[in-house]
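Reviewing the structure listed below.
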Number of protein chains: 2
Amino acid sequence: MTKISGFSKLSKLDKINWVCDNYLSENSNAKDIITQYLNDDKKLQKLHDEFAENTISNYYLPFGVAPNFCIDGEMFCIPMVIEESSVVAAASKAAKFWLDKGGFKTKVLNTTKVGQVHFKFSGDFNKLKTLFDEQKSKFFEDASSITKNMEKRGGGILDIQLVDKTELLSSYYQLHCTFETVDAMGANFINSCLEQFGKTLEDIYQPEFDVEVILCILSNYVPECLVRAEVSCPLHLLGKTEKEALNFAQRFKYAIDIANVEPYRAVTHNKGIMNGIDAVVLATGNDFRAIEACAHAYASKEGRYKSLTHASIVDDVFRFWIDVPIAVGTVGGLTSLHPLVKVALQMLNNPNAKDLMKIIAVAGLAQNFAAVNSLVTTGIQKGHMKMHLLNILNQFEATPEEKEQAIEYFKTHTATHSEAVDFITRIRK
Amino acid sequence: MTKISGFSKLSKLDKINWVCDNYLSENSNAKDIITQYLNDDKKLQKLHDEFAENTISNYYLPFGVAPNFCIDGEMFCIPMVIEESSVVAAASKAAKFWLDKGGFKTKVLNTTKVGQVHFKFSGDFNKLKTLFDEQKSKFFEDASSITKNMEKRGGGILDIQLVDKTELLSSYYQLHCTFETVDAMGANFINSCLEQFGKTLEDIYQPEFDVEVILCILSNYVPECLVRAEVSCPLHLLGKTEKEALNFAQRFKYAIDIANVEPYRAVTHNKGIMNGIDAVVLATGNDFRAIEACAHAYASKEGRYKSLTHASIVDDVFRFWIDVPIAVGTVGGLTSLHPLVKVALQMLNNPNAKDLMKIIAVAGLAQNFAAVNSLVTTGIQKGHMKMHLLNILNQFEATPEEKEQAIEYFKTHTATHSEAVDFITRIRK
């Protein structure tokens with residue numbers, strides 16, 4: 001048993017030593033590997049250490065860029081943070097493809113955020129409702145010290161509604177609250193408001209009614225914080241000949257239709273979209289778990305898990321678009337702390353939250369276009385394995401000559417991980 | 001317009017210069033910031049550059065550790081990569097809480113992976129089916145060069161089924177294929193098999209039937225690649241008094257019940273679970289978009305988006321568990337390339353894929369326990385803002401004295417981002 005008390009209070013070096021002594025004793029290089037990732041600039045390193053707890057090193061994710069994005073007539077070079085090969089290349093390819101076809105068009109449909117106070121109550125709902133309606137303004141008043149600054153920036157509490165959920169769960173009621181948080185992701189603001197609402201709720205109803213607040217928390221499900229991105233062009237631009245163009249468009253649309261009816265496909269289809277979305281979310285210091293949870297729940301909102309993108313061919317025009325909820329901030333949190341996040345935002349011309357929603361949706365759509373394009377033409381493996389092969393070759397510290405040999409060989413052979421390993425072993429014999 | 005051709009072929013330095021000249025000209029420090037994150041070890045840096053395309057820097061995510069996890073009787077210190085404050089602290093707290101109550105118990109329920117060949121066909125399904133059944137072995141034979149190595153490791157193709165999907169989409173059929181990929185995530189293996197199945201399908205049916213393969217691709221939806229993690233203890237261990245313990249358990253269970261019936265809550269509830277899951281997925285070099293997509297689709301499988309965790313109180317025993325599909329690998333991909341990933345896996349005693357599924361599920365369950373625990377007791381903001389406050393103070397380069405003052409002040413005041421900014425501005429006047 002390797003139990004420890006007070007670990008979090010140890011210095012970083014002592015933490016590293018403890019981990020190495022207790023869990024990495026078989027690898028004498030472990031400490032060197034952990035520390036070789038630390039930045040020489042001690043102040044910068046301390047800043048990164050303090051983003052989370054028990055930090056012992058920096059985990060590198062590649063910070064890449066995808067140029068040539070034309071969004072609503074403006075040119076962008078999009079920063080992308082992702083460890084998966086092919087994603088940045090695919091985004092760049094899609095950007096260039098659409099560049100001379102009018103680029104990407106976007107529209108923020110809404111920016112409403114959500115939070116809820118969940119509580120138990122076992123009395124007469126009508127009485128509860130009457131009292132709530134009478135005292136509704138008190139919720140706003142009691143939260144005024146929290147909302148003051150947000151209101152100055154044009155945001156605040158939009159509405160508070162009392163909802164009866166007892167059909168789903170015995171004694172379950174909620175305050176369903178909506179917020180506008182402008183350029184902040186708004187999690188702390190919303191949670192602070194909600195915790196105050198919980199107190200106000202108990203103030204209003206106790207002791208006359210037995211109201212028990214269970215939990216107060218923002219919802220990451222924000223179906224109304226929605227953005228649309230789209231591309232469209234005359235059909236004939238999609239191929240060298242009209243026949244080729246029509247064939248491509250029809251196969252492409254059919255692939256989207258499949259993702260719309262088959263959850264096994266939709267999950268992977270949307271996963272590819274999230275490759276693009278998360279890469280920009282990470283680069284701009286936002287929380288990808290929040291974006292992921294919301295996007296996938298949104299994909300399942302009609303009772304069956306569906307595609308987030310859609311395609312149509314009408315009057316010889318091909319159109320491809322995404323509607324996706326994206327709650328992000330461009331102030332607060334990591335956006336103002338992480339030096340590379342600041343640079344990423346500058347690279348995007350310091351967008352406000354709405355602008356960033358648009359750029360992120362475009363990255364998702366571009367990613368999906370590139371993926372489906374590959375899938376309905378050459379297949380996904382050709383491009384993917386080329387990148388993956390390089391990684392495998394690096395693992396074996398292949399020389400430039402060996403790399404060339406391997407790339408040549410796998411032009412005509414199916415490149416799996418084990419085949420690549422076999423190949424490199426073989427040529428070295 | 002800042003259009004560029006051949007960007008990917010530029011050297012890294014030329015890429016950085018192009019981005020700085022064209023998109024960061026207003027920030028004269030941009031280049032310094034981008035390059036200060038590069039590693040001095042050129043060979044190591046090159047390795048990281050080649051994980052993805054157009055890489056210009058390293059994006060740091062905190063690499064932290066959560067000690068004191070007892071899983072199936074064995075002690076673990078879990079590596080976690082996450083930029084969000086409180087997550088590693090919460091995991092550590094939950095680990096310690098359960099350490100003297102028997103720890104975490106786990107079970108891998110299944111490890112089946114999925115892939116599909118999606119195709120169009122407009123003839124007689126019975127004839128298609130008859131021919132498929134007659135020629136089924138040909139699919140396995142034609143893929144034998146791809147499956148050979150996987151079979152040596154105990155994996156391979158499990159089954160191939162012909163499925164009629166025409167009720168959902170005109171002319172839509174599929175080969176629904178299942179795989180065992182042992183300790184590999186298996187994406188390349190599965191996709192290579194599927195692309196071969198697509199060729200075999202056309203070989204078998206052409207020219208007698210008009211079969212058009214649309215796309216061949218693995219599914220990230222793997223509801224049968226499932227793991228369970230749980231904790232349980234006698235009710236009275238959950239509080240100082242029996243009454244306190246019962247109250248806590250009931251509130252906790254009610255919070256889980258709410259997440260089960262209310263999608264707005266379920267999304268955030270599961271988002272918190274994914275904080276823990278993704279942190280380990282990242283640290284061990286796996287693909288968090290795949291895990292996210294699958295987990296959330298799984299949460300929606302019954303037609304309404306639900307909680308991934310469950311709680312029960314039966315015979316004075318409190319039980320809390322998660323069933324979650326997790327498809328990960330411990331060989332191939334980044335797991336064998338990224339030096340820090342190798343260390344993370346060593347820290348976990350070099351787990352096979354099943355062991356890693358267990359550890360990841362435990363991290364998710366622990367995270368959820370800590371979050372719900374906070375929510376139904378003190379509220380989420382108290383602990384969260386303490387961490388967040390430190391980040392804000394760092395942003396203002398607060399001195400140790402200023403930090404102390406702020407922590408003291410916000411013990412009795414609601415700490416929002418703007419309140420913290422106001423405070424630091426105020427004390428400096």
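Note on naming: letters A, B, ... go to the chains in the order of the sequence lines (proteins, then strands), and numbering restarts at 1 for each one. All values derive from a computational prediction rather than experimental measurement.
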Check: His338(A) ring centroid to Tyr60(B) ring centroid under 6.0 Å: no

Among [options], which residue forms the greatest number of heavy-atom pairs with chain A at distances under 4.5 Å?
{"options": "Val341(B), Asp41(B), Val267(B)", "answer": "Val267(B)"}
{"options": "Met274(B), His118(B), Glu83(B)", "answer": "Glu83(B)"}
{"options": "Gln174(B), Arg304(B), Lys301(B)", "answer": "Gln174(B)"}
{"options": "Ala30(B), Ser57(B), Ser300(B)", "answer": "Ser57(B)"}
{"options": "Phe288(B), Phe76(B), Trp18(B)", "answer": "Phe288(B)"}
{"options": "Asp422(B), Leu44(B), Val331(B), Asn22(B)", "answer": "Leu44(B)"}

When only pairs under 4.5 Å are counted, which of [options] shares the most heavy-atom pairs with chain B?
{"options": "Ser374(A), Ala297(A), Pro339(A)", "value": "Pro339(A)"}
{"options": "Asn349(A), Leu169(A), Ile82(A), Leu168(A)", "value": "Leu169(A)"}
{"options": "Ile4(A), Asn27(A), Ile34(A)", "value": "Ile4(A)"}
{"options": "Ile277(A), Asn39(A), Ile258(A)", "value": "Ile258(A)"}
{"options": "Gly115(A), Cys77(A), Gly64(A)", "value": "Cys77(A)"}
{"options": "Asp257(A), Leu340(A), Thr55(A)", "value": "Leu340(A)"}

Heavy-atom distances under 4.5 Å only: say whether [X] touches chain B with side chain, backbone, both or neither.
{"X": "Val87(A)", "answer": "backbone"}
{"X": "Leu47(A)", "answer": "side chain"}
{"X": "Tyr172(A)", "answer": "both"}
{"X": "Leu337(A)", "answer": "side chain"}
{"X": "Leu218(A)", "answer": "both"}
{"X": "Val81(A)", "answer": "side chain"}
{"X": "Ile56(A)", "answer": "both"}
{"X": "Lys15(A)", "answer": "neither"}
{"X": "Lys342(A)", "answer": "neither"}
{"X": "Gln196(A)", "answer": "neither"}
{"X": "Ser171(A)", "answer": "both"}
{"X": "Lys43(A)", "answer": "side chain"}
{"X": "Cys216(A)", "answer": "backbone"}
{"X": "Leu334(A)", "answer": "side chain"}

For the residue pair [Y] / [X], report whether a side-chain donor-acceptor contact shorter than 3.5 Å exists.
{"X": "Gln36(B)", "Y": "Asp40(A)", "answer": "no"}
{"X": "Asp49(B)", "Y": "Gln45(B)", "answer": "yes"}
{"X": "Asn58(B)", "Y": "Tyr37(A)", "answer": "no"}

Is there a side-chain contact between [X] and [Y] in this structure, where contact means two heavy atoms from C-beta onward sitting under 4.5 Å apart?
{"X": "Tyr254(A)", "Y": "Val376(A)", "result": "no"}
{"X": "Val261(A)", "Y": "Lys165(B)", "result": "no"}
{"X": "Leu348(B)", "Y": "Pro79(B)", "result": "yes"}
{"X": "His296(B)", "Y": "Tyr305(B)", "result": "yes"}
{"X": "Pro62(A)", "Y": "His48(B)", "result": "no"}
{"X": "His269(A)", "Y": "Asn260(A)", "result": "no"}
{"X": "Thr268(A)", "Y": "Gln116(B)", "result": "no"}

Nearest heavy-atom neighbours spanning Phe63(A) and Ala283(A): CE1-CB, 4.3 Å

Where Ser86(B) and Glu53(A) come nearest, the two heavy atoms and their spacing: N-OE2, 2.6 Å

Calculate, to the nearest 0.5 Å, the distance between atoms [atom1] and [atom2] belonging to [X] and [Y] respectively.
{"X": "Phe189(A)", "Y": "Ile146(A)", "atom1": "CZ", "atom2": "CD1", "result": "8.0 Å"}
{"X": "Met75(B)", "Y": "Thr2(A)", "atom1": "CE", "atom2": "OG1", "result": "6.0 Å"}
{"X": "Cys294(B)", "Y": "Asp287(B)", "atom1": "SG", "atom2": "CG", "result": "11.5 Å"}
{"X": "Lys271(A)", "Y": "Glu292(B)", "atom1": "NZ", "atom2": "CD", "result": "11.0 Å"}

Asn54(A) (side chain) donor-acceptor with Ala89(B) (main chain) under 3.5 angstrom: no

Please state whether the side chain, the backbone, both or neither of [X] comes within less than 4.5 Å of a heavy atom of chain A.
{"X": "Ala295(B)", "result": "neither"}
{"X": "Ser336(B)", "result": "both"}
{"X": "His176(B)", "result": "side chain"}
{"X": "Val343(B)", "result": "both"}
{"X": "Phe7(B)", "result": "side chain"}
{"X": "Gln346(B)", "result": "both"}
{"X": "Val19(B)", "result": "side chain"}
{"X": "Asn270(B)", "result": "neither"}
{"X": "Ser5(B)", "result": "both"}
{"X": "Leu282(B)", "result": "both"}

Full working for side-chain contact (heavy atoms from CB on, under 4.5 Å) between Leu61(B) and Phe51(A): CA-CA 9 Å; Leu61(B) 286 175; Phe51(A) 287 158; over 6 Å; no

CA sep, side-chain torsions, deciding dist, call: Arg251(B), Ile214(A), side-chain contact (heavy atoms from CB on, under 4.5 Å): CA-CA 7 Å; Arg251(B) 285 175 65 84; Ile214(A) 302 294; 4.0 Å; yes

